[in-house]
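Scroll down for the structure; my scribbles are underneath it.
Keep in mind the model is a prediction, meaning the values are calculated, not measured.
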Amino acid sequence: MTVRDHNLHLVNTLGRLKERFVPLVPGHVGIYVCGPTVYSDAHLGHAKSYVSFDAIIRYFRHLGYKVKYVQNITDVGHLLDNADEGEDKIERRAKLERVHPLEIAEAYARSYFKDMEGLGVAYADLHPRATQHIPEQIEIIEQLIAKGNAYAAGGNIYFSVGSWKEYGCLSGRDTDDAVEGTRVTVRGDKRDPRDFALWKHADPSHIQWWRSPWGKGYPGWHIECSAMSMKYLGEEFDIHGGGLENQFPHHECEIAQSRAATGKGFARYWLHNNMINRDGVKMSKSLGNGILIKDLLKEVPGTTVRAFLLGTHYRSAANFTDEGVKAAHAGLERLHFVLGAMRDRMKSAPSGAQPGDAAVGDAVVTLDRDFHAAMDDDFNTPIAMSSLYEFAKRMNAALAGAPVSKEACGAALDTYVALAGGVLGLLPVEGDSEDGRKGDLEPVMQVVLDVRRLLRERKLFDLTDVLRDRLASVGIDVKDTKDGPVWQRRG
RNA sequence: GGCGGCAUAGCCAAGUGGUAAGGCCGUGGAUUGCAAAUCCACUACCCCCGGUUCGAUUCCGGGUGCCGCCUCCA
């Protein structure tokens, strides 16, 4: 498989510049994206992040790259951000429900994957778990100690930020100033307030702990991603992605400890997706305005959620509003309509050159060019989607005009499906729900529509309209097209 | 308190130093027995105040608002 010609540029947080993408190994892309900490159900913030990266991964594959996508599952280690006692989120939940922490992690990991399936997000090639990579984490810590970048204090191991001059290269933070400006005193065992834990001593109340050269304990938050990304992608790899909120300190710490341990460059391109708000305000548990993915999917199809999310650039903050979702849904129906129109036409289109082929060919060429230009420009999905709408408009017009050949229509269909469906995941999957739910009613509807046709021929329109209204009242929409009536079940 | 980002039509949202994509909604038209769908047309002086420039929505400074991170901790 060869890689298609492209001019992909992406904004690298490391350096804050738009750079041309050049893979470490030609034809291959290694990418690591920070996965969820599985202690509760996934919400819209997760959806924004993982749908964005899903489109990015799909685009790389579309270009012909062999992609190795690694996304971790964090099942240990994060501490509650606003708790005084620094309690592990998963352990806290486990204690509440009186089960083992891994049961919590397992349950929510499943829930997460189910949500992602609902959103049409493809699985990563590997979903490694933090608790299954403790030895790898310990090994890195040992390397850091040996190189003088980490030290033991009070049973804990800390990374010495002062020993690593590049610290701050990602977030662009002048850490010295930051420290100066605060009244922070060096607390606990740290030599420097900027230092962060690589390994924590486990006190008896801790449920999950592991043996280490430094006694019973558990890993710090940042070290897991260094261990898992480098294990599966190498000490230097192409792309590291994640949410903007993890840029500092999480990713900053990852870079420092990884580079210090290996002497290699770690990730070459850093991609950060922006957040999602609701009605202009952030979503949070305390405000009670958060939305769980599984709840939203009860209201609207996954493709609608994708259309809404991809309608905003991944680096821009999205604003979730009910109206916005409705708009995304309505627009998506047009994208689905033209798909159906092309598929229908394939059944009847003649072979051999036809007068309408030029218009179709034009629409395809324009779509192909504009879509790729948009995605090549830092994965600009909103622009890519606009090229889809432009295509739909042209294609609908073409199909209503001069005859179109099967070949031309087929080429248009293939391109459209590859881009709208394959890359952005906005098209219903073939053999999806719709046909299945229609199946059992098909013979009955044939009878009903046949009778209605006879009534129409006799111009008994009051009766045909009653029939249509009554069908609508039981959730069946009938539309009269010039090729005859079509029907579908709503909802 | 500190650092960084954003602010575009009723809603969602791209983008550019030279008078602003696309989607939804709305209006008018074509088509239709009607409706739906489809197609065509129309709808924004880009948060406020200064500055740079021949010219700024796009650059700089200030203000306001919102978002993220840090400030307790990993």
A:Leu424 atom CG is separated from B:A13 atom C1', nearest whole Å, by 15 Å
- Query: For A:His222 and A:His251, does a side-chain donor sit closer than 3.5 Å to a side-chain acceptor?
  - Reply: no
*C1' atoms of B:U57 and B:A14, separation to the nearest Å*: 13 Å
With rounding to whole Å, what would you report as the distance between B:A20 and B:U8 at their C1' atoms? 8 Å
Please state the C1' separation for the pair B:C6 and B:A41 - nearest whole angstrom.
35 Å
So A:Tyr314 and A:Asp378, do their side chains get closer than 4.5 Å, heavy atoms only?
yes
A:Arg334 side chain N/O closer than 4.0 Å to the phosphate oxygens (OP1, OP2) of B:C24? yes
Between the base of B:A35 and the side chain of A:Arg468, is one N or O donor paired with an acceptor at under 3.5 angstrom?
yes
- Task: Could you measure between the two C1' atoms, the one in B:C48 and the one in B:A56, and give it in whole Å?
- Result: 16 Å
Of the listed B:C70, B:G33, B:A14, the closest approach to the A:Ser316 side chain comes from B:A14
Between B:C34 and A:Lys459, is there an OP1 or OP2 to side-chain N/O distance shorter than 4.0 Å?
no
Across every strand shown, the nucleotide meeting Watson-Crick or G-U wobble geometry with B:U32 (both distances under 3.5 Å) is none
TODO: Taking atom P in both B:C46 and B:C59, compute the distance separating them and give it to the nearest angstrom.
DONE: 15 Å
Item checked: A:Arg470 with A:Asp465: basic N within carboxylate O range, under 4.0 Å -> no
Q.
With rounding to the closest Å, how many angstrom separate the C1' atoms on B:A44 and B:C25?
A. 15 Å
Picking from B:A13, B:C67, B:G22, the nucleotide nearest the side-chain atoms of A:Tyr389 would be B:G22
Per atom distances to the A:Lys479 side chain, the nearest of B:A36, B:C69, B:C67 is B:A36
Among the nucleotides B:C69, B:G22, B:A21, whichever has the atom closest to the side chain of A:Ile383 is B:A21
Pairing partner of B:C66, by Watson-Crick or G-U wobble and under 3.5 Å for both distances, is B:G5
Within 45° of the axis and under 6.0 Å from the centre of the six-membered ring of A:Tyr151, does NZ or CZ of A:Arg191 qualify?
yes
Scanning all shown strands, the Watson-Crick or wobble mate of B:G10 with both distances under 3.5 Å is B:C24
The residue among A:Gln247, A:Glu254, A:Glu252 that forms side-chain hydrogen bond (donor to acceptor under 3.5 Å, both in side chains) with A:His250 is A:Glu254
* Answer yes or no: does a side-chain N or O of A:Asn396 lie under 4.0 Å from OP1 or OP2 of B:C39? => yes
- Query: Does A:Lys200 make a side-chain N or O approach to OP1 or OP2 of B:A74 shorter than 4.0 Å?
  - Reply: yes
Fill in: Pairing of A:Arg58 and A:Asp54 as salt bridge, 4.0 angstrom limit
yes
Of the listed B:C39, B:A74, B:A13, the closest approach to the A:Ala197 side chain comes from B:A74
From CD of A:Gln247 across to P of B:C69 the rounded distance in Å is 11 Å
Testing B:G22, B:C12, B:C70 for proximity to the side chain of A:Ser386, the answer is B:G22
B:G23 versus B:C40 - spacing of their P atoms, nearest Å: 10 Å
Between NE2 of A:His222 and C1' of B:C70 the distance, given in whole Å, is 13 Å
Side-chain contact check for A:Glu323: nearest option of B:A74, B:C11, B:A13 is B:C11
From CZ of A:Arg456 across to P of B:A35 the rounded distance in Å is 13 Å
For this session: Indicate whether the side chain of A:Asn72 and that of A:Thr74 have a donor and an acceptor atom separated by less than 3.5 Å.
Result: yes
Re B:U43: Watson-Crick or G-U wobble partner, both distances kept under 3.5 Å, found to be none
From CG of A:Asn319 across to P of B:C6 the rounded distance in Å is 17 Å
note: A:Glu245, atom CD; B:G68, atom P; distance rounded to Å ~ 9 Å
Between CG of A:Asp377 and C1' of B:G22 the distance, given in whole Å, is 16 Å
A:Asn246 CG to B:G5 P, in whole Å, measures 19 Å
Of the candidates B:C67, B:G33, B:A37, the side chain of A:Val281 sits closest to B:C67
The Watson-Crick or G-U wobble partner of B:G50, with both key distances under 3.5 Å, is B:C60
Notebook entry, point to check: Does a side-chain N-to-carboxylate-O contact under 4.0 Å join A:Asp477 and A:Arg468?
Noted result: no
Picking from B:C12, B:A13, B:G33, the nucleotide nearest the side-chain atoms of A:Phe308 would be B:C12
*asked:* Taking atom types as they are modelled, would you say the side chain of A:Asn274 forms a donor-acceptor pair with the base of B:C6 within the 3.5 Å cutoff?
replied: no
- Query: Say you pick atom C1' in B:G55 and the same atom in B:G63; how far apart are they, in whole Å?
  - Reply: 25 Å
